[in-house]
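Note sheet for the following structure.
This is a predicted model, so every value here is computed, not measured. Index from 1, following the sequence. Indexing begins at 1, ligand by ligand and atom by atom, following the structure's order.
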Amino acid sequence: MFLPSGRAPVSDFAPIVRIPPKSDNPSGAGEPPAFLSSRPVSKLIVTLDGPGGTGKSTVSRVVAHKAGLPHLDTGAFYRAATLAVLDSGVDPSDGTEVLRVVSRSRLAQESGRMYLNGRDVSIEIREEEVTAAVSAVSAHPEVRKRLVDMQRAWAEAHGGGVVEGRDIGSVVFPDATVKVFLDASPEVRARRRALETGEAEAAVLEDLSRRDRLDSTRAASPLIIPHGAVVIDTSDLTFDAVVDEVLGLIDAKS
Ligand code: DC
């Protein structure tokens, strides 16, 4: 297991609070559930960190939707920056050149789409070439600083939200209202990814392990369990159970 010690025992989880279905929500379609209405959304930042293949992206999107909060996928920022680097022919390990390319690139995320210099690159950033180079690009501290500034500006402009990534609860928003760390065994993560992408499970496991190693051992903002985060091991949990667990944590802080 690549993670540092500190995995929370299952019995430490907050009790699951069931969120009323839409029909029980008199505030109407599209409105945040009642439990959120008593506090200003601007104060609410929910962070979801964890390695790839834990279901983090889908969970955070669904949690954001159900809680009526905006959603930010910070991995997509690092992927779009990597695409810019690859497009310009720069070596992803050359920090100075990478920073030069990223500094003159316009990165934006709106309504679940990722834009690079005004172009929708949401599909392209998931390609193998980008995935292979993203750990090298995201290891440069100056690049991270730039992207972290953009992520904080996004939260400011949107009045908070659900933000997913690798260093969100530890570095980007250390004072977040709710911090979650999603984990799962490498085998389960590889199986889920392989089902999603159609790739061979063994190849996915190898790539995930490589990225786990790079992401958790890099000097700048490594993947760690943030202080104050609730760890949820999703290996044996259904998707709905994980979503309910996170919504329960938000409810408990409202
Ligand atoms: O979540 P993802 O697989 O799309 O993220 C792609 C890469 O970006 C991941 O390998 C590590 C990096 N990343 C990061 O360093 N910090 C973040 N906050 C989010 C992603």
Side-chain angles (χ1 to χ4, degrees), residues 2-3 45-61 63-64 71-86 92-93 95 98-99 102 105 107 109 112-114 116 121-155 161-174 176 179-184 186 189-190 192-194 196-197 199 204-226 229 234:
F2 78 98
L3 286 173
I45 293 204
V46 180
T47 67
L48 275 105
D49 290 298
T54 51
K56 192 178 47 176
S57 262
T58 326
V59 167
S60 51
R61 271 173 225 282
V63 164
H71 167 258
L72 184 69
D73 170 6
T74 62
F77 271 82
Y78 287 94
R79 287 174 176 274
T82 303
L83 182 63
V85 167
L86 294 176
S93 65
V98 166
L99 181 63
V102 174
S105 303
L107 305 175
Q109 194 174 132
R113 311 299 297 179
M114 189 70 213
L116 170 62
V121 293
S122 311
I123 307 285
E124 245 177 291
I125 58 170
R126 304 286 156 196
E127 283 172 5
E128 238 176 275
E129 254 189 308
V130 173
T131 303
V134 67
S135 289
V137 168
S138 55
H140 300 300
E142 288 304 317
V143 172
R144 299 198 69 81
K145 190 173 173 311
R146 231 186 144 79
L147 266 55
V148 166
D149 285 346
M150 290 181 200
Q151 292 155 20
R152 289 182 178 147
W154 178 92
V162 177
V163 187
E164 57 158 304
R166 300 290 197 285
D167 60 343
I168 310 306
S170 57
V171 173
V172 187
F173 299 112
K179 296 185 193 182
V180 176
F181 189 94
L182 291 188
D183 195 12
R189 294 192 286 125
R192 287 177 183 161
R193 268 283 154 88
E196 243 173 61
T197 62
E199 292 168 87
V204 177
L205 180 59
E206 202 179 307
D207 181 58
L208 277 179
S209 305
R210 181 186 66 85
R211 285 207 290 146
D212 283 352
R213 218 170 25 251
L214 290 171
D215 293 344
S216 55
T217 57
R218 70 175 172 229
S221 312
L223 172 66
I224 54 162
I225 299 173
T234 70

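Between Arg144 and ligand 1 there is a heavy-atom distance shorter than 4.0 Å. Residue contacts with ligand 1: Arg210 is excluded, as none of its non-hydrogen atoms falls under 4.0 Å.
Proximity of Pro51 to Leu208: side-chain heavy atoms (C-beta onward) are nowhere separated by under 4.5 Å. Taking the side chain as every heavy atom from C-beta outward, Thr82 and Ile125 never approach each other to under 4.5 Å. In this structure, Thr54 and Arg189 have side chains that are in contact, with non-hydrogen atoms separated by less than 4.5 Å. Between Ile168 and Gln151, the closest side-chain pair of non-hydrogen atoms falls below 4.5 Å. No side-chain heavy atom of Val163 sits under 4.5 Å from any side-chain heavy atom of Val172. Under the 4.5 Å side-chain criterion, counting only non-hydrogen atoms from C-beta, Ile45 is not in contact with Val162.
Crowding of Glu199 atom CD: a count of heavy atoms from other residues, nucleotides or ligands under 6.0 Å exceeding 12.
When all heavy atoms of Val130 and Glu124 are compared, the pair lying nearest together is CG2-O, 3.8 Å.
Per-residue contacts place Gly75 under 4.0 angstrom from the following atoms of ligand 1 (heavy atoms of the residue considered): 4 (O), 5 (O), 19 (C), 20 (C). Less than 4.0 angstrom separates some heavy atom of Asp167 from each of these atoms of ligand 1: 16 (N), 17 (C), 18 (N). The contact set between ligand 1 and Arg126, taken as ligand atoms under 4.0 Å from a residue heavy atom, comprises 4 (O). Taking a cut-off of under 4.0 Å to the non-hydrogen atoms of Ser138, the atoms of ligand 1 that pass are 12 (C), 15 (O). Taking every non-hydrogen atom of Asp215 and a distance limit under 4.0 Å, the qualifying atoms of ligand 1 come out as 9 (C), 10 (O), 11 (C). Contact atoms of ligand 1 toward Val134: 7 (C), 8 (O), 10 (O) (distance under 4.0 Å to a heavy atom of the residue). Atom numbering of ligand 1 starts at 1 in the shown order; those under 4.0 Å from a heavy atom of Gly165 are 18 (N), 19 (C).
When hydrogens are left out, the protein atom nearest atom 10 (O) of ligand 1 is Arg211 NH1, 2.9 Å; that is the closest non-hydrogen contact. Among all protein heavy atoms, the one lying closest to atom 19 (C) of ligand 1 is Thr74 OG1, 3.4 Å.
At a 3.5 angstrom cut-off on N or O pairs, Arg218 counts as close to ligand 1. In terms of polar-atom proximity, defined here as any N/O pair under 3.5 Å, Arg79 does make such a contact with ligand 1.
The structure places OG of Ser138 at 5.5 Å from CZ of Arg144, a figure rounded to the nearest 0.5 Å.
Contacts of Arg166 with ligand 1, taken as heavy-atom pairs under 4.0 Å, involve both backbone and side chain. Contact annotation for Ile168 and ligand 1: only side-chain heavy atoms (C-beta onward) come within less than 4.0 Å of the ligand.
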Requested in this report: Verify salt bridge (Lys or Arg N to Asp or Glu O under 4.0 Å) between Lys179 and Asp49, making sure each step is shown before the conclusion.
Outcome: CA-CA 8 Å; Lys179 296 185 193 182; Asp49 290 298; over 6 Å; no
